[in-house]
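Labels below follow one simple rule: chain letters A, B, ... track the order of the sequence lines, proteins then strands, and each chain is numbered from 1.
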Amino acid sequence: MIDTLPLILGTILTAATPLLIAALGEHVTERAGVLNLGVEGMMIVGAASAFAVAVLTDSSVLGIAAGALAGLAVSAVFGVLVVYLAANQVATGLAMTILGLGLSGLIGQNFVGQPRAPIPPIEFPLLKEIPVLGKALFTGDPVFYLSLILIGLVGYGLNSTRFGLLLRAVGENHTSAHALGLPVRRIRFIAVLFGGLLAGLAGAYLSLIYTRFWSPGMSAGRGWIALALVVFAAGHVWRLVLGAYLFGGITVAQLHAQAGAIGLPSQLLSALPYLMTIAVLLLLSISGRRGSGAAGSLGQPFVPER
Amino acid sequence: MNGAGVGVVVELKGITKYFGALLANAAVDLTLRSGEIHALLGENGAGKSTLVKILYGLLAPDSGEIVIGGVPVTLESPRAARAHGIGMVFQHFSLFDEMSVIENIAIPLDGAIANNALRRKVSEKAAQFGLEIELDRPVHTLSAGERQRIEILRALIQEPKVIILDEPTSVLTPSESESLFVTLDKLKAEGASILFISHKLEEVRRLCDRATVLRGGRVVGATDPRRATAKELATLMVGEGIADLNPGAGGEPGAPMLVLDGLSVAPETVHGITLDGIDLVVRSGEIVAVAGVAGNGQSELYNAISGEGGRITGGTISIADRAMNRASINDRRKAGAAFVPEARLGQATLPQSPLSDNIVLSWHATETIGSPFINRERLETVAQGIVRDFDVRIPRSDPVAAHLSGGNLQKYIVGREVKRMPGLIVIDQPSWGVDARAARHIRQTLMDLAAQGTAVLVITQDLDEALSLADSIVVMRKGRLSAARPTRTVTRGEIGLMMTGGARATEGAS
């Protein structure tokens with residue numbers, strides 16, 4: 001058990017990282033008052049694009065960049081529709097998810113089943129010798145470290161910068177923000193693009209680092225889990241990080257449970273992360289009498305009078 | 001600088017603004033001088049808000065010129081207006097409830113974040129003008145008066161030459177208004193120019209040096225409000241004198257129609273108010289007014305009586321001697337009640353449905369409207385009858401509700417309920433956003449109804465309305481209701497005290 005523990009910790013971090021990245025992006029989008037139910041679609045388009053470009057150019061770096069940009073492109077469409085044309089956010093987001101699933105199948109159709117070599121990990125000498133934690137934390141892949149930087153960036157950016165202040169203001173009350181002359185729609189559009197970029201990056205992580213192959217529908221609802229994590233976070237980045245690693249842990253635990261043949265049907269165990277999502281949301285709504293922590297004008301379209 | 005006058009800070013020349021076919025401002029001229037409080041008077045819909053939105057860069061005028069310090073300028077955004085020294089205190093505050101006071105102040109300031117430098121600046125200003133406030137409190141925990149302080153501080157921190165206050169006292173208690181006036185006098189002494197928008201004539205006469213009166217988008221008068229009488233100002237605003245209310249026969253009140261006995265209701269929303277031990281009796285032929293500053297539980301009270309919301313945690317509601325704690329709004333209507341909610345569009349009517357269809361909303365439980373298919377002819381006849389009997393001005397035959405002005409729609413809604421001949425009518429903010437003539441009409445309708453033996457409960461923020469209309473007044477404060485006081489013997493000062501909690505209401509009058 002002592003030898004396998006670092007290994008398990010490593011897989012938990014790998015399973016959690018795409019959830020964390022996508023949820024960080026959606027967190028920013030929702031703080032600005034936009035509910036993006038298209039995270040799943042943006043994620044899988046990112047996954048397909050990343051894998052295709054990585055194979056075609058034989059460069060994982062270009063692949064990751066392409067995945068992030070593909071997510072950004074889908075979110076730009078979403079942003080124009082919901083921010084500038086004031087389309088219904090729920091319906092448009094769902095449409096983006098369906099569109100993304102279809103589009104990704106098209107992009108990835110010639111790449112199904114092709115393997116990709118792993119990206120070499122970044123190793124920190126000495127630090128990686130720390131027992132148990134060292135190997136998991138200090139021999140990770142580059143995007144894992146990037147995700148740690150993103151946590152700080154999002155937390156600091158939202159709470160301590162001028163742009164973060166305006167972004168939260170726009171999400172809290174777009175009528176007031178407009179009355180004060182803040183560019184409500186521009187700020188929201190930027191927040192949507194950031195969310196799309198990170199959803200695409202999370203997708204790239206799935207196909208190039210987590211599984212290292214492409215198969216249609218491989219995001220398997222992780223975009224929805226990311227959305228649930230944002231609800232769970234209730235406005236706090238630290239809760240989002242905690243939630244992401246918790247879910248990573250559950251994902252890995254159910255894999256081990258399946259291998260350990262504990263007598264439950266494997267389908268039921270595979271469903272565990274999603275059951276947990278429902279349970280978490282249920283608990284939050286039962287205990288949520290003191291406010292959900294969601295942005296005040298979340299999901300409401302904004303049309304300025306002029 | 002031309003010879004326009006000493007101390008002129010801002011001049012608006014020939015400002016014209018259309019919304020579609022509606023002329024909101026017609027060649028409006030306005031001159032603001034430093035060290036002066038200038039009143040902008042007018043009824044709802046006279047074009048006051050449009051004019052100040054143009055001056056604050058929120059709306060672009062179709063034609064006309066804004067001259068600041070002798071130079072014509074274009075104000076393409078509030079940011080540009082602020083850069084030209086124009087500050088604004090909004091009527092419905094432009095605040096962010098979940099954010100702290102200091103963050104709220106930082107938001108419109110170019111380049112500002114909520115740091116110690118800003119804290120020091122804000123504290124200085126607050127001390128200078130007597131506007132002390134805790135900077136780290138979230139806004140939703142603050143009272144209306146405290147929220148307004150944030151708005152004023154936010155304007156002052158930018159050292160404005162002109163400060164616009166849009167109906168600043170409409171959400172304040174009398175004592176909060178007094179302290180606002182002290183602040184405004186200080187600002188005036190410092191040389192600021194203040195544009196004070198109001199329709200409350202008494203406070204304008206007390207506070208302001210000059211007044212410009214708007215009606216139908218046009219300037220219809222400029223006067224010294226301290227020399228004019230309130231009656232003269234009112235006539236300027238409305239166009240002609242408005243008849244006084246005609247009290248009914250004034251018989252003795254009959255049997256209790258609505259009885260609340262120790263009613264307690266849990267809040268519906270996170271920031272809602274808890275109703276706590278409400279006692280209230282409204283008898284046949286009697287008008288009772290619930291006065292109080294907005295947000296003290298009036299909406300919750302209305303919802304509890306109409307059965308629309310709120311979980312009852314104690315006490316009873318009865319209508320016409322029937323227990324109604326768990327009854328639906330339809331059961332309450334069947335017992336003889338009628339309800340006129342505060343939101344005219346969306347709650348009292350379906351905005352995009354014709355007036356005739358809107359009959360169904362409140363009539364379906366108690367009246368014959370056709371079954372199983374709706375009898376459209378009957379609906380149209382009823383709608384026409386209401387339009388005729390209640391002086392509803394409509395743009396065309398059977399328009400959709402959203403096409404009526406606020407006053408006409410309110411007359412229609414009241415008419416719809418009155419036609420049902422209710423034994424009890426509960427009306428929330430009967431004349432909010434309604435022009436003076438329609439307001440008088442609605443009040444007269446309620447008085448006539450009471451004279452015919454209906455029990456009338458009016459929830460209003462307008463103290464004048466409460467005093468002119470009701471037989472007795474109760475005051476709502478922080479989810480509690482005072483004992484009823486007869487309108488004949490109570491003074492404005494006493495009610496003001498009850499609103500602010502300065503004195504406990506006399507006990508045991510029920």
**Q** Using 4.0 Å as the upper bound for N to carboxylate O, is an ion pair formed by B/E146 and B/R149?
**A**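 Judged by the 4.0 Å cut-off on N to carboxylate O distance, B/R149 and B/E146 do not form a salt bridge.
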**Q** So which heavy atom on B/I197 is nearest to which on B/P168, and how close?
**A**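 Nearest heavy atoms, B/I197 then B/P168: O-CD, 3.5 Å.
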**Q** Under a 4.5 Å heavy-atom cutoff, which of B/A80, B/A114, B/P108, B/A81 has the most pairs with chain A?
**A**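 Ranked by contacts with chain A, first place is B/P108.
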**Q** I'd like to know if B/R147 pairs up with B/D97 as an ion pair, taking the criterion as any Lys NZ or Arg NE/NH1/NH2 lying under 4.0 Å from an Asp or Glu carboxylate oxygen.
**A**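 Counted as a salt bridge, because a side-chain N and a carboxylate O are separated by less than 4.0 Å.
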**Q** Is B/L95 in contact with chain A via its backbone, its side chain, both, or neither, using a 4.5 Å heavy-atom distance?
**A**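 Contact with chain A: backbone only.
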**Q** Please classify the contact of A/L182 with chain B as side chain, backbone, both or neither, using a heavy-atom distance under 4.5 Å.
**A**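 For A/L182, the side chain is the part near chain B, not the backbone.
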**Q** Decide whether A/E40 and A/T97 meet the rule of one side-chain donor and one side-chain acceptor closer than 3.5 Å.
**A**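 Not at all, the side chains of A/E40 and A/T97 share no donor-acceptor pair under 3.5 Å.
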**Q** So for B/A112, is it side chain, backbone, both, or neither that comes closer than 4.5 Å to the heavy atoms of chain A?
**A**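 B/A112 touches chain A through backbone and side-chain heavy atoms alike.
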**Q** For A/A295, is it the side chain, the backbone, both, or neither that has a heavy atom closer than 4.5 Å to a heavy atom of chain B?
**A**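 Contact with chain B is absent: no heavy atom of A/A295 under 4.5 Å.
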**Q** Is A/L166 close to chain B through its backbone or its side chain, or both, or neither, when contacts mean heavy atoms under 4.5 Å?
**A**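 The side chain, not the backbone.
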**Q** Select one option (side chain, backbone, both, neither) describing which atoms of B/A106 are under 4.5 Å from chain A's heavy atoms.
**A**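 Both parts, backbone and side chain.
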**Q** Any side-chain heavy-atom pair from B/S63 and B/T16 closer than 4.5 angstrom?
**A**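 B/S63 vs B/T16: side chains touch.
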**Q** Give the member of B/R79, B/R82, B/R154, B/M99 that has the highest number of heavy-atom pairs under 4.5 Å with chain A.
**A**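 So the answer, after comparing B/R79, B/R82, B/R154, B/M99, is B/M99.
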**Q** Out of A/G181, A/A169, A/A177, which one racks up the most heavy-atom pairs below 4.5 Å with chain B?
**A**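 Result: the option with the highest number of such pairs is A/A169.
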**Q** Checking A/R239 against A/F232: charged group under 6.0 Å from the ring centre and within 45 degrees of the axis?
**A**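 Ring-cation test returns yes.
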**Q** Might you point out which heavy atoms bring A/Q300 and A/G296 nearest each other, and give the distance in Å?
**A**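 Shortest heavy-atom contact: NE2-O, 3.8 Å.
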